[in-house]
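Beneath this line is the structure, given in structure tokens, with notes to follow.
Keep in mind that this is a model prediction, so the values were computed, not measured. Just so it is clear: chains get the letters A, B, ... in the order the sequence lines come, proteins before strands, and each one is counted from 1.
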Amino acid sequence: MSSVSWFAQALAPWYAANRRSLPWRSTRDPYLIWLSEVILQQTRVDQGLAYYNRFALKYPTVHHLAAATEDEVLKDWQGLGYYSRARNMRATAQRIVSEYRGVFPEDHNGLRHLKGIGPYTAAAIASIAFNEPVAVVDGNVFRVLARCFGIREPIDRPAGKRLVADLASRLLDRKHPGEHNQAVMELGALVCTPKRPQCNACPVRSRCLAYEEGVVEQLPLKVGRTKVRERHFNYLLPHGVSALWLVKRAAGDIWQGLYTPPMVESDVRWGARRMQAALQQELGRSWHLVGSFTEERHVLSHQVIHARFWWVSKARTARLPADWLACGLKDAHRYPVPRLVERVLGEVLNS
DNA sequence: AAAACGTGGTG
DNA sequence: TCACCAAGTTT
């Protein structure tokens with residue numbers, strides 16, 4: 001009897017013929033697999049590829065990454081989003097060096113306990129680097145299996161997640177777990193896409209329940225997302241000098257560990273009058289509002305930031321708050337900043 | 001268990 | 001413009 005599922009059998013030749021050649025597919029080094037998997041969390045290959053290449057070059061081993069400062073790693077991560085990934089990677093690299101002598105845990109379970117490595121990433125590293133027979137379950141797997149097996153359970157709820165995870169585990173080619181896992185994900189990325197799937201090119205179309213029933217684009221089912229919060233950030237730029245103030249963002253909010261100009265948050269959009277009052281209340285009478293520089297709308301996954309940038313001046317004698325750091329406008333590029341700030345600083349330099 | 005965490009691409 | 005969502009993890 002064949003121990004390999006029909007699904008795996010149909011998938012393997014398709015993958016052999018259609019797999020993209022990507023840098024992390026030509027290594028078994030668990031460190032590089034790890035790096036690629038973290039970069040690709042909630043991130044498209046197109047967006048992450050350049051970051052992977054830069055990181056692999058600058059930090060070729062876990063020791064290199066462990067030796068870097070957090071600011072430096074965040075700077076190299078700048079623009080990729082979900083910055084906790086970078087902070088967790090560095091922390092985990094340090095732990096692997098100090099506690100494991102630089103050697104990765106070689107099984108799914110050991111990997112799972114490291115910061116930033118959840119069920120998906122642990123399974124990916126274990127199957128690809130160590131040939132352990134564990135199935136990965138990511139967004140592609142949810143979509144491919146929900147369609148192929150006609151799963152109507154919402155896949156963003158525990159019951160639906162369990163259903164797909166069990167199914168993925170039964171379908172796994174246990175002789176070639178790494179190849180099989182990547183094949184399912186590649187099918188989801190290239191053929192079984194969220195919109196306009198290419199069913200004509202699909203190796204499992206003849207046994208796809210969603211195709212048979214004409215509901216491919218209706219699956220997978222999801223209950224929906226939570227609504228986004230609107231916030232107003234008023235940023236302070238020093239007027240008339242080629243300098244800049246920066247503050248490191250604290251824990252418990254967006255952009256933790258990144259730098260932005262000092263900022264006052266308001267519940268509604270503030271005009272100049274209200275802003276001037278807030279400025280003097282926060283910092284004292286020797287501070288003055290000069291005017292508004294620009295307004296930006298920045299959309300995040302759960303928030304919309306209405307950012308207003310103000311020119312501000314202060315009396316020569318007035319001190320800066322302790323957590324502000326002053327830097328030349330041209331030195332700002334050394335600090336990791338959110339995209340929003342990067343864009344606006346670009347405008348300042350050009351103005 | 002639901003919500004938070006970034007950014008950019010797509011239809 | 002807007003909704004969706006991409007090789008998820010943490011709290």
Students often get this wrong, so: under 4.0 angstrom with heavy atoms, is [X] touching a base, only sugar-phosphate, or nothing?
X	answer
Asp253(A)	sugar-phosphate
Arg25(A)	base
Trp77(A)	nothing
Val141(A)	nothing
Gly48(A)	nothing
Leu80(A)	base

Would one find a side-chain N or O of [X] under 4.0 angstrom from OP1 or OP2 of [N]?
X	N	value
Arg339(A)	dG8(B)	yes
Gln303(A)	dC5(B)	yes
Gln41(A)	dG8(C)	no
Trp255(A)	dA4(B)	no
His298(A)	dT7(B)	yes
Arg44(A)	dT7(B)	no
Thr121(A)	dT9(C)	yes
Tyr82(A)	dT10(C)	no

Would you say the ring centers of [X] and [Y] fall short of 6.0 Å from each other?
X	Y	value
Trp255(A)	Tyr83(A)	no
Tyr52(A)	Trp24(A)	yes
Phe293(A)	Phe309(A)	no

[X] [atom1] to [N] [atom2], straight-line distance once rounded to whole Å:
X	N	atom1	atom2	result
Asp156(A)	dG8(C)	CG	P	14 Å
Leu49(A)	dG8(B)	CG	P	16 Å
Leu300(A)	dT7(B)	CG	P	6 Å
Ile125(A)	dG8(C)	CD1	P	13 Å
Leu74(A)	dT7(B)	CG	P	12 Å
Leu219(A)	dC5(C)	CG	P	12 Å
Arg297(A)	dT7(B)	CZ	C1'	14 Å
Asp46(A)	dA7(C)	CG	P	11 Å

If you only use heavy atoms from C-beta on, which nucleotide in [options] is closest to the side chain of [X]?
X	options	answer
Leu40(A)	dA7(C), dG6(B), dT10(C)	dA7(C)
Pro338(A)	dT7(B), dA7(C), dA2(B)	dT7(B)
Lys222(A)	dG6(B), dA7(C), dC5(C)	dC5(C)

> What orientation do Trp287(A) and Trp324(A) show, parallel under 30°, tilted 30 to 60°, or perpendicular over 60°?
Replying inline: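 Answer is perpendicular, since the angle exceeds 60°.
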> Taking the six-membered ring for Trp, are Phe55(A) and Tyr59(A) parallel (under 30°), tilted (30 to 60°) or perpendicular (over 60°)?
Replying inline: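 Rings of Phe55(A) and Tyr59(A): tilted, as their planes differ by 30° to 60°.
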>> Between dT11(C) and dG6(B), how far apart are the two P atoms, rounded to whole Å?
In response: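 Between the two P atoms, the distance is 13 Å.
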> If you measure from the C1' atom in dA7(C) to the same atom in dA3(B), how many Å do you get, rounded?
Replying inline: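 22 Å, rounded to whole Å.
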>> Return whichever of Gln47(A) or Arg229(A) has its heavy-atom-nearest nucleotide of DNA chain B closer to the 5' end.
In response: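 Residue closer to the 5' terminus by nearest nucleotide: Arg229(A).
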> Of Gly79(A) and Arg196(A), whose closest DNA chain B nucleotide lies nearer the 5' terminus?
Replying inline: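 Checking each residue's closest nucleotide, the 5'-ward one belongs to Gly79(A).
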> Which atom pair, heavy atoms only, marks the closest approach of Asn234(A) to Glu265(A)?
Replying inline: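 Closest approach of Asn234(A) to Glu265(A), heavy atoms only: ND2-C, 4.5 Å.
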> Taking for each residue the nucleotide of DNA chain C bearing the nearest heavy atom, is the 5' side occupied by Gly116(A) or by Pro194(A)?
Replying inline: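 Mapping each residue to its closest nucleotide by heavy atoms, the 5'-most match is Pro194(A).
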> Can you hop from Trp34(A) to Leu57(A) via hydrophobic side chains spaced under 4.5 Å?
Replying inline: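 No: no chain of side-chain contacts under 4.5 Å links Trp34(A) to Leu57(A).
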